Amino acid sequence: MFRYRSLVLGWIVLALAFTALARAQVSLNGYVKTDVRARIKGNHRLTWNENRLDLKLKAHLSDRAVLTAESWVRSFGFPTAARLEDLRYRDRRAVLPWSVDLREAYVDFYGFLFSNLDVRVGKQRIAWGTADKINPTDNLNPKDFEDPLDFGRKLPVNALRATAYAGDWSLEAVYVPAFTPAVLPPPEWRLGQEATLPLPPGVQVVGSKNTLVLPPQTVKDGANLGFKISGTLAGYDVSASYVYTRDDMPLATSVVFEPTSQTTGVVSTRLSFPRYHVFGADLAGEFHGVGVWAEAAAFVPTGEILTTIVLPTQQGLVTTSEVALKKQAFVKYVLGGDYTFANGLYLNGQFVHGFYGERGRDNLQDYLMLAVEKRFLHDEVKLRLGGAAQARSLSDATDNYTWIAFPELSYYPVDNVELVLGAYTIHARGETTLAGFAGNDEVYAKIKVSF
Amino acid sequence: MKRHLRFVSLFILTTFAAAAALAQNDGNAILKKVEATLNAPKDRVAIMSMKLIDKNGNVKNRVVKIYQKGDDKRLIRFLKPADVKGVGLLVLSDNEMWLYMPAFHKIRRIASHTKNENFMGTDFTYDDMAQTKYSEKYTARVLQQSPDSIKLELTPKPGADVNYSKLVMVVDPHNWVPKRVEFYDKSGSLKKILTNSRVAKVDGYWTVQEMTMQDVQAKHKTVLTLSDVKHDTGLANSVFTKRFLRRSE
């Protein structure tokens with residue numbers, strides 16, 4: 001009976017939704033994208049195999065209310081079939097893996113209660129900051145490291161966002177009720193160095209397990225809150241922001257060696273997500289004809305995080321603790337500029353202090369990013385050469401560095417069609433955050449057709 | 001005799017100088033009339049179709065909705081093609097331009113180095129799109145005058161931040177609308193030709209309904225056609241804000 005009622009209720013909701021949409025002015029757009037990548041070195045293994053259908057729906061419910069929804073239907077990855085039964089199974093995902101991802105779904109209310117107040121409710125991306133891709137002030141959406149080529153990608157979250165306008169200025173308030181952790185990169189694209197445990201001679205780690213301690217989804221523990229004031233000052237677009245958030249990348253709070261025999265054991269790790277107050281500011285404008293931007297955020301941990309470590313020694317298991325995160329503010333910042341020369345050559349550069357996943361004043365590293373771009377044949381062809389370099393410090397730059405070059409050629413033969421051919425080559429030596437990328441040189445080909 | 005010659009020379013020089021000054025004054029006055037005609041409506045809303053035609057005759061299409069108020073405020077929003085739908089340009093002056101890219105969820109201020117770039121693949125630069133008052137940056141003088149056309153030469157004022165060494169504008173004296181404008185690059189070579197073809201009165205205002213910008217060096221042209229033109233609709237200043245630029249339509 002209950003099931004029957006639910007079914008009827010579901011149909012009524014669907015019917016109402018379709019009726020509302022039928023009355024509304026609806027548009028459906030999107031794109032189809034195919035993206036294939038392969039390793040340059042070795043046996044040229046395919047590493048990425050994606051077909052994506054992006055569907056974006058916009059329904060103008062009235063002059064003052066617009067519904068937006070975007071979803072990805074993806075055929076992504078490679079067959080994972082391991083047994084004959086997997087090939088026979090009715091769910092063909094082991095052969096043809098696919099997924100559906102609701103990227104965004106929100107409603108905009110313009111002039112909500114007051115003429116100068118706009119409200120957006122639903123799953124959304126709240127993109128703060130003026131820098132390119134790396135935005136220290138952008139902390140309301142968790143990071144999405146699924147695609148190493150798209151490292152600025154973030155996960156949309158359910159949020160209530162209200163923006164009040166007064167002249168050139170606006171005040172934005174955002175409430176994110178639930179905590180969502182980041183999607184971490186695949187192991188071969190890990191950030192930072194893998195920790196090694198100081199074990200006595202002869203003792204071996206034969207396995208590992210971990211437990212993520214997600215915060216309770218309560219207002220106190222799970223919710224994020226942000227405020228931003230934006231405007232124009234002396235010809236520059238400026239903003240100042242405050243966010244009460246939780247780190248979306250986990251931090252180890254305990255590392256325990258659990259013996260499985262006299263000489264072997266399993267390492268058990270517990271990880272949690274530290275809380276921060278984040279005070280941010282940014283500006284964008286031009287200086288003597290050069291486009292400039294600056295963005296900085298001071299992260300203030302709400303408490304010190306200790307990592308409890310239990311390790312075997314000659315005297316048996318010994319418990320110690322280390323400070324994983326001091327209760328001390330640390331500042332990440334980006335300084336950037338761009339310029340287009342008279343011949344159309346575009347140059348973009350950024351200096352980044354503090355990358356994703358880096359925490360604590362002593363652990364922030366410096367990065368230099370450069371890109372040169374030139375368009376030909378009235379924007380029909382675009383050639384871009386990007387590069388990034390990281391050195392742990394200038395004094396040992398020859399021993400500890402990473403540099404990455406990524407040339408890319410885009411061709412737009414007809415409206416709505418983009419063909420891309422590119423590659424990235426990575427060189428690393430010593431210990432740097434990006435050193436784990438070494439050896440991942442790849443070529444890629446993409447085709448995107450918009451509709 | 002010598003004294004007589006000196007007098008004649010002085011007379012000729014003075015006459016030419018006076019004529020040149022008069023031509024310049026007339027030129028500036030004509031340019032003001034042209035601007036007054038083009039910017040006469042209090043505001044304008046229109047759909048603009050753009051055909052981008054390359055030297056092989058291949059065509060790409062763009063459709064934008066354009067809002068204009070007075071002679072400085074403009075908001076342009078792309079409706080087609082799909083891959084640029086929603087992209088918007090807000091122009092408050094030639095030093096205040098913002099671009100909204102929906103894919104990045106961000107509004108970005110356009111620095112002056114970008115202004116001479118082609119706007120979304122068209123033959124119009126960002127600066128061309130922002131240009132509504134030539135007289136602020138150029139001095140005009142009359143080159144030729146006939147009952148059906150006036151040819152003006154526009155040269156940049158000292159210190160003016162422009163990308164052209166001069167413009168040659170042919171004005172129709174019956175409606176004070178330019179029929180043709182030639183744009184010369186910094187080296188003095190002809191770069192682009194703007195031709196205004198269909199000119200008609202809409203809501204009592206002379207309106208260019210079709211214009212072609214031809215890049216003679218790149219052998220590429222853009223044909224703009226205006227439709228659904230509405231004037232004096234009472235556009236609020238709030239339309240010309242970053243808030244509205246970001247807003248879905």
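This one's a predicted model, so the numbers in the text were calculated from it and none came from an experiment.
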Contacting region of A:D138 [heavy-atom separation from chain B under 4.5 Å]: neither
Segment of A:F287 engaging chain B (4.5 angstrom heavy-atom cut-off): neither
From A:Y412 atom OH to B:D83 atom CG, the distance as rounded to the nearest 0.5 Å: 8.5 Å
Per-residue contact mode, A:V449 against chain B (heavy atom under 4.5 angstrom): neither
Per-residue contact mode, B:N58 against chain A (heavy atom under 4.5 angstrom): neither
Contacts table for residues 160-171 of chain A: side-chain donor-acceptor under 3.5 angstrom, sequence neighbours left out:
from: A:R161; atom 1: NE; to: A:E172; atom 2: OE2; distance (Å): 2.7
from: A:R161; atom 1: NH2; to: A:E172; atom 2: OE2; distance (Å): 3.0

Any side-chain heavy-atom pair of A:H378 and B:L52 under 4.5 Å: no
From A:D132 atom CG to B:F104 atom CZ, the distance as rounded to the nearest 0.5 Å: 8.5 Å
Check: B:A82 main-chain N/O paired with A:N416 side-chain donor or acceptor under 3.5 Å: yes
Largest heavy-atom contact set with chain A, pairs under 4.5 Å, which of B:R108, B:K80, B:K55: B:R108
NZ/B:K157: more than 12 non-hydrogen atoms of other groups inside 6.0 Å: yes
Greatest number of heavy atom pairs closer than 4.5 Å to chain A - which of B:D123, B:N163, B:I107, B:D161: B:D123
Which of A:G152, A:S27, A:G235, A:A284 touches chain B most, by non-hydrogen pairs under 4.5 Å: A:G235
Residue B:K242 versus chain A: region with a heavy atom under 4.5 Å: side chain
Sidechain N-carboxylate O distance under 4.0 Å for B:R109, A:D237: yes
Nearest-0.5 Å distance that lies between atom OH in B:Y126 and atom OG1 in A:T340: 9.5 Å
Top contributor to chain B interface from A:D63, A:D338, A:T130 [non-hydrogen pairs under 4.5 Å]: A:D338
Distance-minimising heavy-atom pair for B:N61 and A:D415: N-OD2, 2.7 Å
Options A:E104, A:K56, A:E70, ranked by heavy-atom pairs under 4.5 Å with chain B, top entry: A:E104
Min side-chain heavy-atom separation B:K106-A:N135 under 4.5 Å: yes
Max heavy-atom pair count under 4.5 Å with chain B, selected residue of A:R375, A:E380, A:E418: A:E380
Which of A:A342, A:G291, A:G30 touches chain B most, by non-hydrogen pairs under 4.5 Å: A:G291
A:W293 versus chain B, the contacting section by heavy-atom distance below 4.5 Å: side chain
Atom NZ of B:K221 with >12 non-hydrogen neighbours under 6.0 angstrom: no
B:T122, part contacting chain A, at a heavy-atom distance under 4.5 Å: backbone
Atom pair CD1 (B:I110) and CD (A:E286), whose distance is rounded to the nearest 0.5 Å: 11.0 Å
Exceeds 12 heavy-atom contacts within 6.0 angstrom, atom NZ of A:K382: yes
Minimal non-hydrogen separation, A:G111 against B:R243, with atom names: N-NH2, 3.8 Å
A:Y339 and B:H113 aromatic ring geometry - parallel, tilted or perpendicular at 30°/60° bounds: tilted
